[in-house]
2 protein chains.
Amino acid sequence: MTYTSQHPPFAVTVDIVLLTIRDDRLCALVVRRGSPPYEGRLALPGGFVEVDENLETAATRELAEETAVQVKAVHLEQLASYGEPDRDPRMRTVSVAWLAIAPDLPDPTAGTDAAEAQWVPVGNLLDDGDALAFDHRQILTHGVERAQAKLEYSTVGTAFCGAEFTVAELRHVYEVVWGRRLDPGNFHRKVTGAEGFVVETGERAGGRSGRPAQLYRRGPADLLHPPLTRTSFHAVE
Amino acid sequence: MTYTSQHPPFAVTVDIVLLTIRDDRLCALVVRRGSPPYEGRLALPGGFVEVDENLETAATRELAEETAVQVKAVHLEQLASYGEPDRDPRMRTVSVAWLAIAPDLPDPTAGTDAAEAQWVPVGNLLDDGDALAFDHRQILTHGVERAQAKLEYSTVGTAFCGAEFTVAELRHVYEVVWGRRLDPGNFHRKVTGAEGFVVETGERAGGRSGRPAQLYRRGPADLLHPPLTRTSFHAVE
DNA sequence: CCAAAAGTGTTCTTACTACACCCATGG
DNA sequence: CCATGGGTGTAGTAAGAACACTTTTGG
């Protein structure tokens with residue numbers, strides 16, 4: 001380790017890909033930039049890491065500041081770091097990106113730091129190559145891919161749901177994130193059969209029509225054995 | 001994005017978990033530190049990112065400087081970033097860690113920057129909680145786990161082999177990294193049957209004893225469908 | 001009683017494990 | 001011809017896909 005030569009100063013930021021599901025679409029929280037560079041453009045929430053703060057704390061702090069909603073029980077994991085020399089025209093920055101997942105939250109309240117925050121379908125953000133500032137399109141792409149992959153072998157899908165949910169709601173999460181329909185019967189068996197994925201609450205959901213569904217809470221497991229394979233899982237239609 | 005307040009200066013480094021297989025053991029390249037902090041202790045190769053250099057370039061540069069061996073065709077991927085405020089007593093640093101995989105290389109030559117570099121079995125490094133400087137034990141753990149996981153669903157295992165290799169050599173990679181014996185027959189079928197994993201060269205290896213094996217080169221595929229599952233794969237003995 | 005969604009049963013097919021067995025070479 | 005590792009065959013088993021079918025509610 002040649003910790004000997006010069007140490008050029010960097011600014012270190014965190015950027016957060018916060019995903020949720022709204023109106024049958026996978027959405028990300030974005031903020032409208034109020035100052036240059038990229039003034040007026042959308043960007044992922046984030047900001048500078050403070051001097052005595054670790055990286056995860058910086059991510060949760062920025063999330064709280066810009067979301068202005070009690071973000072409880074969100075899933076948060078590190079994605080990757082981005083450090084192209086020209087990624088921010090003002091200075092040399094390295095951004096540590098995070099993936100966060102939350103259930104559908106109320107709209108960010110006006111009159112706060114989050115006044116300019118909004119939920120936008122990721123499809124809209126990714127289709128337009130210039131919708132997002134900086135290299136945030138690449139970061140968002142990475143975040144979505146990570147979320148899609150993790151649904152296969154982990155239980156993070158439950159992070160998109162509230163504290164109590166039905167198997168159909170969880171299936172809806174998978175269908176929206178993966179962009180494909182799944183067989184309800186097989187999905188039910190896999191989810192309820194996977195050790196520690198979900199646990200019954202004993203209560204039933206007040207359904208709109210049809211037989212009311214059993215309510216579940218997330219279970220203790222983080223990983224799924226065996227996984228719900230995206231490639232081979234049965235798609236309906 | 002509140003890119004408005006102060007931007008505390010950080011030093012940004014890269015640290016590399018370079019893995020190879022030597023003498024039936026998974027080994028990592030480490031260097032002996034010649035100056036404080038942690039003087040005399042082992043550390044992962046790495047160093048400061050330069051002003052006009054992107055992160056991956058910094059990783060390859062440090063690898064070349066400290067290895068002093070033509071590191072061609074190594075696999076290189078970003079692992080994660082580490083930024084605890086106290087991880088380096090001298091200053092606030094964020095380290096972007098990388099996982100590199102290479103075939104068994106000659107020993108680092110003396111008389112170069114890499115004079116203090118050496119291959120050490122990861123077991124030795126991880127068993128002694130104080131063998132490595134900084135938070136490098138955590139980074140190494142993360143790198144090993146990533147490598148173990150990636151053998152399942154990707155073709156990176158071939159990065160441990162030379163340009164041409166036998167199925168048995170590749171199986172040996174899996175056995176060492178996973179720490180378990182695999183059934184030779186089933187492994188052979190999976191590897192040769194997986195689309196794009198390996199391609200025959202038509203030549204045969206000059207075996208020490210027994211029937212000489214077919215030689216293969218790595219194929220074009222990066223991902224394996226279906227994966228070689230670590231959990232369900234047959235272990236011999 | 002009908003529609004609709006929840007949940008279960010069942011068949012077909014695929015893929016993997018375990019292990020037997022043959023192949024090809026060196027000593 | 002024997003030991004050794006390379007490679008193939010194959011029976012038994014586990015798991016998933018597809019889809020029929022039953023259950024339980026609201027209208």
Side-chain angles (χ1 to χ4, degrees), chain A residues 24 151-153 161 164-175 178 180-195 197-216 223-237, chain B residues 24 151-153 161 164-176 178 180-195 197-217 223-237:
Chain A
D24 303 343
L151 287 199
E152 292 193 37
Y153 60 88
C161 301
E164 300 194 344
F165 52 87
T166 65
V167 173
E169 285 165 9
L170 184 58
R171 173 165 48 85
H172 186 243
V173 167
Y174 276 78
E175 291 181 335
W178 283 352
R180 58 186 303 190
R181 309 295 301 272
L182 300 176
D183 182 282
N186 291 336
F187 186 84
H188 186 278
R189 234 189 317 255
K190 293 263 284 208
V191 167
T192 54
E195 187 76 17
F197 195 178
V198 295
V199 290
E200 281 193 23
T201 65
E203 305 198 8
R204 303 194 146 266
R208 301 147 300 284
S209 86
R211 172 177 168 179
Q214 181 62 242
L215 281 174
Y216 292 86
L223 262 33
L224 288 180
H225 303 294
L228 282 79
T229 49
R230 206 183 339 171
T231 44
S232 61
F233 208 79
H234 168 48
V236 175
E237 283 171 336
Chain B
D24 303 344
L151 287 199
E152 292 194 35
Y153 61 89
C161 301
E164 300 194 344
F165 51 87
T166 65
V167 173
E169 285 166 8
L170 184 58
R171 173 163 49 85
H172 186 243
V173 167
Y174 276 79
E175 291 181 336
V176 170
W178 284 352
R180 60 186 300 191
R181 309 295 302 272
L182 301 175
D183 182 282
N186 292 336
F187 186 85
H188 185 276
R189 234 188 316 255
K190 294 262 286 207
V191 167
T192 54
E195 187 76 18
F197 194 177
V198 295
V199 289
E200 280 193 24
T201 65
E203 306 197 8
R204 303 192 148 267
R208 303 145 299 283
S209 87
R211 173 176 167 180
Q214 183 61 242
L215 281 174
Y216 293 86
R217 252 186 275 275
L223 262 33
L224 288 181
H225 303 293
L228 282 79
T229 49
R230 207 182 340 171
T231 44
S232 62
F233 208 77
H234 168 49
V236 174
E237 285 171 334

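All values below come from the heavy atoms of this structure, side chains included, with hydrogens, waters and symmetry mates left out. Residue numbers start from 1 in every chain, and the chains themselves are labelled A, B, ... in the order their sequence lines are given, proteins ahead of strands. Since the structure is predicted, the reported quantities are computational estimates derived from the model, not experimental observations.
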Please confirm whether the backbone N or O of A:L182 pairs with a side-chain atom of A:E175, one donor and one acceptor, at under 3.5 Å? yes
Looking at B:L151, is its backbone amide N or carbonyl O close enough to the side chain of B:R230 to form a donor-acceptor pair, meaning the two atoms are under 3.5 Å apart? no
Could you check how far [atom1] of [X] sits from [atom2] of [N], rounded to whole Å?
X	N	atom1	atom2	value
A:F165	C:dA5	CZ	P	20 Å
B:F187	C:dC19	CZ	C1'	18 Å
A:L182	C:dA6	CG	P	13 Å
A:Y216	C:dA6	OH	P	11 Å
A:Q214	C:dT8	CD	C1'	15 Å
A:L228	D:dA15	CG	C1'	13 Å

Can you give the donor-acceptor pairs under 3.5 Å from side chains of residues 198-205 of chain A to other protein atoms, not counting sequence neighbours?
| residue | atom | partner | partner atom | Å |
| --- | --- | --- | --- | --- |
| A:T201 | OG1 | A:E203 | N | 3.1 |
| A:T201 | OG1 | A:L215 | O | 3.2 |
| A:R204 | NH1 | A:P212 | O | 2.7 |

Indicate for each nucleotide in nucleotides 8-14 of chain D, in 5' to 3' sequence, whether protein heavy atoms under 4.0 Å reach the base (B), only the sugar-phosphate (S), or nothing (-). BBB----
Interatomic distance, CG@B:L228 vs CZ@B:R171, rounded to 0.5 Å, equals 12.5 Å
Hey, which of these two, B:R204 or B:P227, hits DNA chain C nearer its 5' end, going by closest nucleotide? B:P227
Restricting to ring-ring contact (aromatic ring centres under 6.0 Å, His included), what partner residues turn up for B:Y174, sequence neighbours left out? B:W178, B:F187
Within the structure provided, determine whether B:L170 and B:F197 are in side-chain contact (heavy-atom separation under 4.5 Å). yes
Sequence neighbours left out, what passes side chain to side chain donor-acceptor pair (under 3.5 Å) with A:H172? Give chain and number order. A:D24
Output all residues satisfying side-chain contact (heavy atoms from CB on, under 4.5 Å) with B:R189, sequence neighbours left out; order by chain, then residue number. B:N186
Within residues 166-176 of chain B, find the residues that approach DNA chain D with a heavy atom at under 4.0 Å, and present them sorted by residue number. B:A168, B:R171
